[in-house]
Every structure is written in C-alpha cells, then in structure tokens.
Trainee: 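There's a structure below that I have some questions on.
Below, read A as the first sequence line, B as the second, and so on, with proteins coming before strands; counting in each chain starts at 1.
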4 protein chains.
Amino acid sequence: MRANAREAIDTRERILRAAMKVFAMHGLFKAPLSMVAREAGVSKSLIFWYYGNRENLVREVVERVLPLDVIEGCVGKGLKGRSLAECVARRYLEKYEDATMRLLLLQVLSARGLLGLVDEAFRRICVEMLPVLAEGVWGERSKENIVKARMLFGSLLCYTLNPPNGIDREEYIRIILDTLGA
Amino acid sequence: MRANAREAIDTRERILRAAMKVFAMHGLFKAPLSMVAREAGVSKSLIFWYYGNRENLVREVVERVLPLDVIEGCVGKGLKGRSLAECVARRYLEKYEDATMRLLLLQVLSARGLLGLVDEAFRRICVEMLPVLAEGVWGERSKENIVKARMLFGSLLCYTLNPPNGIDREEYIRIILDTLGA
Amino acid sequence: MRANAREAIDTRERILRAAMKVFAMHGLFKAPLSMVAREAGVSKSLIFWYYGNRENLVREVVERVLPLDVIEGCVGKGLKGRSLAECVARRYLEKYEDATMRLLLLQVLSARGLLGLVDEAFRRICVEMLPVLAEGVWGERSKENIVKARMLFGSLLCYTLNPPNGIDREEYIRIILDTLGA
Amino acid sequence: MRANAREAIDTRERILRAAMKVFAMHGLFKAPLSMVAREAGVSKSLIFWYYGNRENLVREVVERVLPLDVIEGCVGKGLKGRSLAECVARRYLEKYEDATMRLLLLQVLSARGLLGLVDEAFRRICVEMLPVLAEGVWGERSKENIVKARMLFGSLLCYTLNPPNGIDREEYIRIILDTLGA
DNA sequence: CATGAATGAGCCTTCATTCAT
DNA sequence: AATGAATGAAGGCTCATTCAT
C-alpha cells in the first residue's frame, strides 16, 4: 500500500519531469502528450489519470517554472540592501541553472495572454514585488529605484536567456549589483 | 497591371499583418492559419499562394520581429559612447512600442530551439554584437562592460515585457543609461 | 461553378444518407463517424467541413426522421373525420416504409432526454397535436377521443416497430380506423 | 458469512440498479461504466468482478426491462377475453410506472439489431405471443384480431412513451379495452 | 470483495496542405 | 489571384478492460 502510494507519487512526478523536458524543447502548446508519455515511459492515458487534461499538466509545469517563489522567498526573509538583491539574484540564477528550466522559463513567459496563471504572475511581480524590492534594496520606492529593480530583473533574465561563457555566476552577480549600486 | 501588382503586395502584406496580430495573441505555433485568414479577410488557400507553407509565413513574421535591425542599425552608424547606447535603447523601445510587437517578441524568443532563425539571431546578438556594443559604448571589451551591455538589453527587454506605467520612455532610457554609466 | 455547387450539395446529401444508414444500424451515439465517412465514400474530415461537428449531423438526421411533418402536414390541410386519420396513417406508414427509417425512428425516440430536439418533438406531438387530432377526427376533445388519438399513434408505431407480414399497409389502416370508429 | 453473502447480493443488485438509472438517462451504449460505478458508490473494477464485462451488465438490465414476463405471465394464467387483455394492460403499465423503467424500455427497444436478446424478444412477442393473445382475447386468430392485439400493444407503448396527464391508468385501460371491443 | 493504477483501442476534432476551377 | 472542396496526419481525450495488491 505504502509502496504503492510512493510509486504513484513517483509516477506522477516522473510525468511532470518528462513534461518539463518536452515542453522546454517543443513549446508548452506544440508538444504532444504522446511525447511526454514516451519520455516518462508511461502510456498516454496515464497522464490523464493523474492530470485530468493537458491544461492541468501545463499549469503544474508553469507553477514550477515561474520565479515567484524566488522573489517572495527573499522578500519574506526580511533581508535589506545588498543582501536582498544578492538573495534574489543568486536564487534566481540557481533556479534556472538547468538548461531545461531556462528554456521553460521562456516558454512560460511567452504564454502570457494564453494562461491566466502567467498573467497573474506578471502582475504580481511587476506591480507588487518590484516596488517592494526597490524599497528593500535601495531604501525608498522612488521612480529611479523601481527602474533599477527592473534592471536587476532584466539582467537576470538576460543571463538565463543565454548564459555568457567566460563569466561565472558569482562574478556576474557582483558586477550587476555593483553597477546598480546595491 | 500596376494597380494589380500593388494590390497583390497589399494582400501579401495584409496577410503578414494579420499573422503578426494572430500569432502575437495565440502563439507562433498554436494559432491556426484559418484564424490568420479570417483576420486578413482572405481565404486560407491564399496564404499558401503567397507564402507556400506555414513555416515561411512564420519565418517572415519572425524576421520582422527580431531586434537585429535595431542593434546593427545603430552600430552601423558609427556612433560611440552614450549616443550609441541611446540609439539602441530608443530604437528598441520604438520598435516594440506596439503591444502586438511586444507580445510577438516574446513568442519569437520562446521559439528558440524550434526555429533556426531565432537561434542564429541569439548567437548574433549575444556573441557578436554584445562585445561590439560594449566596446562602442564603454571603450573596451572588458568582462564588466560586456555584462553592462547585457544589462542594457535586459533592461530594455524587461520594459517590453511589461511597460511600467508612470514612467515614460525617455525617462526610462535616461535612468538606465545613467545607472550603467554610459 | 454551378456544377460545383450542385456537387457540393450532392456530397452533403450523400453524407446525410450515409449517416442515416449507419445510425440506423449502430445507434445515434454509438456509430463512429469514420463509418459514416466510409459509407459515404468521403474522408472523415469532410463531414466536419459540411456539418461542423457530430452533433449537427445527428440533429439533421433527427429532423428528417421525426414524424412532425406527417402530422402537421395532414392537420394543416384542413381535413376532418376519417380522411384526417387516414391521411396521418398513410403518410406515416409511407414515411417509415423503408427499414432504415424504421430503425432510425426508434433510435431517435430513444434519444429523449439526450437531444432537446426530440424532447421538443414529443411535447409538440403529445401535448399539442394529439388534442387537435382528436377533435379533427372524432369531433371533440374529450378524454376518450384523446385516448383514441393515442391509440392511433401507438398502432402506427407498433406497425413500424415490426411490420406484420401477411397484412398489407392499406388493410392495416382500414382495420385500425374501423376499430377506432374514425 | 451469511451477512457477507447478503451484502454481496446487495452490492450486485446496487450496481444493477445504478446501471438501470444511468442507462435510462444516458443510453444503453453511451453511458460509461464509470458513471454507473459512481452512482452505485463502488469502484469501476467491482463492476467487472460481478459482471465480467459491460455486455453482461447491459444484458441483465435488458432482461429486466423487456416486457416478456408481463405477456407470458398473463397468458400462462389461462385467462380469456377481457380479463386477459386487462391483465396484460395492467401489468404492463405497472411495470413501466417508474420513469426510469419507461426511458429504459425505449433504450432497449432501440437496441434492436445490436442486441440479439432484443431481436429475440421482438420475435417472441410479435410472432408468437400476438396470435396467442388475439385468440385468447377475441376468440380467433383472424387478421383483424391480430391487428387489434397490435393496437393493444401500441396503445400501451404510447402510454409509456409519454404518460398522459389528466387520465389515470385505470381509465386509460378501460377506454382502450372498450374501443378494442375486448 | 474491493480498489487504484495502468493500458490500448478508438473516437471526435483540428489543421496544414492540395487541387480543381 | 482567389476560392471552396477535399484529404491525411495527428492530437486530446474517453472508456472498457486488466492487474497487482
């Protein structure tokens, strides 16, 4: 029984991982579930047993990929100043260290307007978190600081779009934080 | 005859515009050509008459959306220092002023790995243009300056992802250039 | 062009006929469209070109099979007494002379509760037409006459359920009308 | 043990009842077993434990719904004349008093050609029982009397198709028997 | 007895593409 | 240049059925 339950969880997870891999390479909407099934080593039907329909599977993938947890995690820890910026940067880059996650992030971002989940995440990040971050890092919610917070995100996004070779993560973080005066 | 030729061009262009609109909202791969046809007010078959197949249509859309022209245009003008950075920033933001173009940019970026065209553009921008830009704006191709060039791009991308309200384009440009020491 | 239009109508009709045949034998809900397509000698997709979806095709079949036209046709002609009853009986039996139509009638009747169209037809026949028929044939809308009208329908339905051998249509009609005192 | 056995019977019966309910509303072929399972409050697999496969379950439902027992029961009692007709009518209407049974009867009738069981029942009723009934009620197997026997069935069927409101069962029986001269 | 997990077959539907006109 | 008609491939999903526990 317990073994069964554990196996079931494993299977569910295995499907999700397969979906992430396949969606990363073929797009959230273009990748057929048959491909996911093959990658997970299960039958197509089993995906429906666990996720009900394609949309639910996509949603779970999207939830894992969105960077909300990164930002909220750091802000929630009550950090201030450079430590806060550093926390966000490091966790962000760690989260998207894996090539699959990087590709997936792009796929998810491009699903704006198609997935309510993504729209909502955009709102949360751009409208809610940015000012909080600006205040936390640079002391006040001025226009300039909000732009700087955006620059921070943009710089991180740009890193994940195409990680530069010859510059390691920590160095990259140091340079952008220095440049942004954090 | 000439009127005919002009009309033909118009039709071709009308289809492309329709495709951009539809692809922006429904994704480069998910949007059916029937939708493009309806939006353009022509029959589905006519799309094939002008573009041969779906892939070609997508390719033309992608070409219009990629920001290569912006960067190469500014670099090609022989500008240096802040003027160069300003040129890139302003043209970039102008190009993606329209909401359709902004959504489309995301769709195109997410097509990496699926469209050779996009892969190639990534390479051109990240590997070739970034160092050129770094040198052009800050004087030398040091690691730091290349990171700054990335930060410039990231900041611009972040603007197009979700244009901040309350901050106009020129102000945004000024702040990021000041911050980047351009 | 005109030839084309005619051909298209023919194709549409051919599909409908095929559907009637296939639905009659395999049930309105069980028969796969692939079977209809094969019977009609067209591709499955073409069914969707003409009918949009399965439901629409079913609906058109149902409309052809329901006996509303028979009853309304006779009542609409202003007939009275035995002529009216005879009209209904004869047209009804003619309509369902064909074995396909007879099977189909059953399938359609059994779709009550599943197809609004059928529910509505039941209402029209049982609630609206029965009293009209009772009055038209026997002079007044008394309980007895309404039951007789039902008996007329029931007798006809019973004929189509399983046409008796050894008794031809006209004789059957004569006997039931005599028995019902029409 | 005995309690167990009784429970098992109960479960089997509960499944059958659930099937009748679900099949009545969704059709003998369209209703999924998962629906039956949910209605019965058991797992889908248990249906297979008791019935082996879908077909068997359908068959048991059909057997309960067919009116063979009604006719054979009355004929077997050796009744004659109006009493015989009355017996058939009353038992028939009692059997299909419940809305579920009425809908189910239709579903079963429409399964002709799909279920050997139903075909066989049709034959038994129309070919074997009808003449017997004609002779039992009206004295001889003449054409006219056989048609009258059909009219009796048809009238009853018509009642179950859509029970008239304002006319109770006994009255309905009286009128049709009077009209048929039974 | 009873269930959850797993599968394969098959269905409806969509869509890019082609062809005749 | 333009369209409607037609097709084949493939995808999402449902469902009966099986199996291990």
Side-chain angles (χ1 to χ4, degrees), chain A residues 1-5 7-12 15 29-37 41-55 57, chain B residues 4-5 7-8 10-12 15 29-37 41-55 57-58, chain C residues 1-5 7-12 15 29-37 41-55 57, chain D residues 4-5 7-8 11-12 29-37 41-55 57-58:
Chain A
M1 274 293 155
R2 214 165 278 167
N4 239 355
E7 265 174 38
I9 291 176
D10 285 355
T11 306
R12 201 180 191 283
I15 292 173
F29 299 107
K30 210 193 170 195
L33 291 188
S34 55
M35 223 175 234
V36 174
V42 300
S43 69
K44 229 190 335 174
S45 330
L46 202 59
I47 300 180
F48 291 90
W49 169 262
Y50 282 110
Y51 292 91
N53 58 33
R54 184 194 175 95
E55 202 189 335
L57 178 59
Chain B
N4 259 356
E7 265 174 37
D10 283 356
T11 305
R12 200 179 195 283
I15 292 173
F29 298 107
K30 210 192 170 195
L33 290 188
S34 55
M35 224 176 232
V36 174
V42 300
S43 71
K44 232 187 342 173
S45 321
L46 201 58
I47 298 180
F48 287 87
W49 200 90
Y50 281 111
Y51 291 91
N53 57 31
R54 185 194 172 95
E55 206 190 332
L57 177 59
V58 170
Chain C
M1 275 291 155
R2 216 165 277 169
N4 239 355
E7 264 175 39
I9 291 176
D10 285 355
T11 305
R12 200 180 192 283
I15 292 173
F29 299 108
K30 208 193 171 195
L33 291 188
S34 54
M35 223 175 234
V36 174
V42 299
S43 68
K44 230 190 331 175
S45 330
L46 202 59
I47 299 179
F48 290 88
W49 169 261
Y50 282 110
Y51 292 92
N53 57 33
R54 184 193 175 94
E55 203 190 334
L57 178 59
Chain D
N4 257 356
E7 265 174 37
T11 305
R12 199 179 195 283
F29 299 107
K30 211 192 171 194
L33 290 188
S34 56
M35 223 175 232
V36 174
V42 300
S43 71
K44 232 188 338 173
S45 321
L46 202 57
I47 299 179
F48 287 88
W49 200 91
Y50 280 110
Y51 292 91
N53 58 31
R54 184 194 172 95
E55 205 190 333
L57 178 59
V58 170

Trainee: To the nearest angstrom, how far is C/Lys30 atom NZ from E/dC11 atom P?
Mentor: 11 Å

Trainee: Side chain of B/Tyr50 only, heavy atoms from C-beta on: which candidate in F/dG8, F/dG12, F/dA2 is closest?
Mentor: F/dA2

Trainee: Side chain of C/Arg54: nearest nucleotide among E/dC12, F/dA16, E/dT3?
Mentor: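 Ranking E/dC12, F/dA16, E/dT3 by closest atom to the C/Arg54 side chain puts E/dC12 first.
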
Trainee: Of the nucleotides E/dT14, E/dA6, E/dA2, which one has an atom closest to the side chain of C/Phe48?
Mentor: E/dT14

Trainee: With rounding to the nearest 0.5 angstrom, report the CG to CG distance, B/Leu46 to B/Leu33.
Mentor: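 Interatomic distance, B/Leu46 CG to B/Leu33 CG, rounded to 0.5 Å: 12.0 Å.
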
Trainee: With nearest nucleotide decided by heavy atoms, which residue, B/Gly52 or A/Ser43, maps closer to the 5′ end of DNA chain E?
Mentor: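 Closer to the 5' end of DNA chain E: A/Ser43.
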
Trainee: Kindly indicate whether the side chain of D/Ser45 and the base of E/dG4 share any N or O donor-acceptor pair separated by less than 3.5 Å?
Mentor: yes

Trainee: Report the base-pairing partner of E/dT7 (Watson-Crick or G-U wobble, both distances below 3.5 angstrom), or none.
Mentor: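 Pair assignment: E/dT7 / F/dA16.
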
Trainee: Separation of C/Leu57 atom CG from E/dC11 atom C1', in whole Å?
Mentor: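 Rounded to whole Å, this separation is 14 Å.
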
Trainee: Between CH2 of A/Trp49 and CZ of A/Arg12, what distance do you get to the nearest 0.5 Å?
Mentor: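 A/Trp49 atom CH2 to A/Arg12 atom CZ measures 12.0 Å (nearest 0.5 Å).
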
Trainee: At their closest point, which heavy atom of B/Ser43 faces which heavy atom of B/Ala37, and how far apart are they?
Mentor: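 Here B/Ser43 and B/Ala37 meet closest at C-CB, 3.9 Å.
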
Trainee: Take the protein atom CD1 of A/Ile15 and the nucleotide atom C1' of E/dT7, then report the distance between them rounded to whole Å.
Mentor: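 Taking CD1 of A/Ile15 and C1' of E/dT7, I get 12 Å after rounding.
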
Trainee: Write down the distance between CG (C/Leu33) and C1' (E/dC12), rounded to a whole number of angstrom.
Mentor: 7 Å

Trainee: Which heavy-atom pair separates B/Lys30 from B/Arg54 by the least distance, and what is that distance?
Mentor: N-NH2, 4.3 Å

Trainee: Roughly how far, to the nearest 0.5 Å, is CD1 of B/Ile15 from OH of B/Tyr50?
Mentor: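 Reported to 0.5 Å precision, the distance equals 6.5 Å.
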
Trainee: Is any side-chain N or O of C/Trp49 closer than 4.0 Å to OP1 or OP2 of F/dA5?
Mentor: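 Yes, C/Trp49 has a side-chain N/O under 4.0 Å of OP1/OP2 on F/dA5.
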
Trainee: Which base, if any, makes a Watson-Crick or G-U wobble pair with E/dT21, both distances under 3.5 Å?
Mentor: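 Looking at the geometry, E/dT21 pairs with F/dA2.
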
Trainee: With a non-hydrogen cut-off below 4.0 angstrom, is B/Ala31 in contact with a base, only sugar-phosphate, or nothing?
Mentor: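 Sugar-phosphate contact only.
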
Trainee: Could you tell me whether the phosphate oxygens of F/dC13, OP1 or OP2, come under 4.0 Å of any side-chain nitrogen or oxygen in A/Tyr51?
Mentor: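 No, outside the criterion.
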
Trainee: Distance criterion of 3.5 Å, no angle test: do you see the side chain of B/Lys44 paired donor-to-acceptor with the base of F/dT3?
Mentor: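 No, no donor-acceptor pair under 3.5 Å.
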
Trainee: Starting at CG of B/Asn53 and ending at P of F/dG8, how long is that distance when rounded to a whole Å?
Mentor: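 In whole Å, F/dG8 P lies 20 Å from B/Asn53 CG.
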
Trainee: Take atom CD1 of C/Ile47 and atom P of F/dG8, then tell me their distance rounded to the nearest Å.
Mentor: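 Going from CD1 in C/Ile47 over to P in F/dG8 covers 13 Å.
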
Trainee: NA contact type, C/Leu46, heavy-atom cut-off 4.0 Å: base, sugar-phosphate, or nothing?
Mentor: base

Trainee: Starting from the 5' end of DNA chain E, give me the residue, B/Pro32 or D/Val42, whose nearest nucleotide shows up first.
Mentor: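 It is D/Val42, whose closest nucleotide lies nearer the 5' terminus.
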
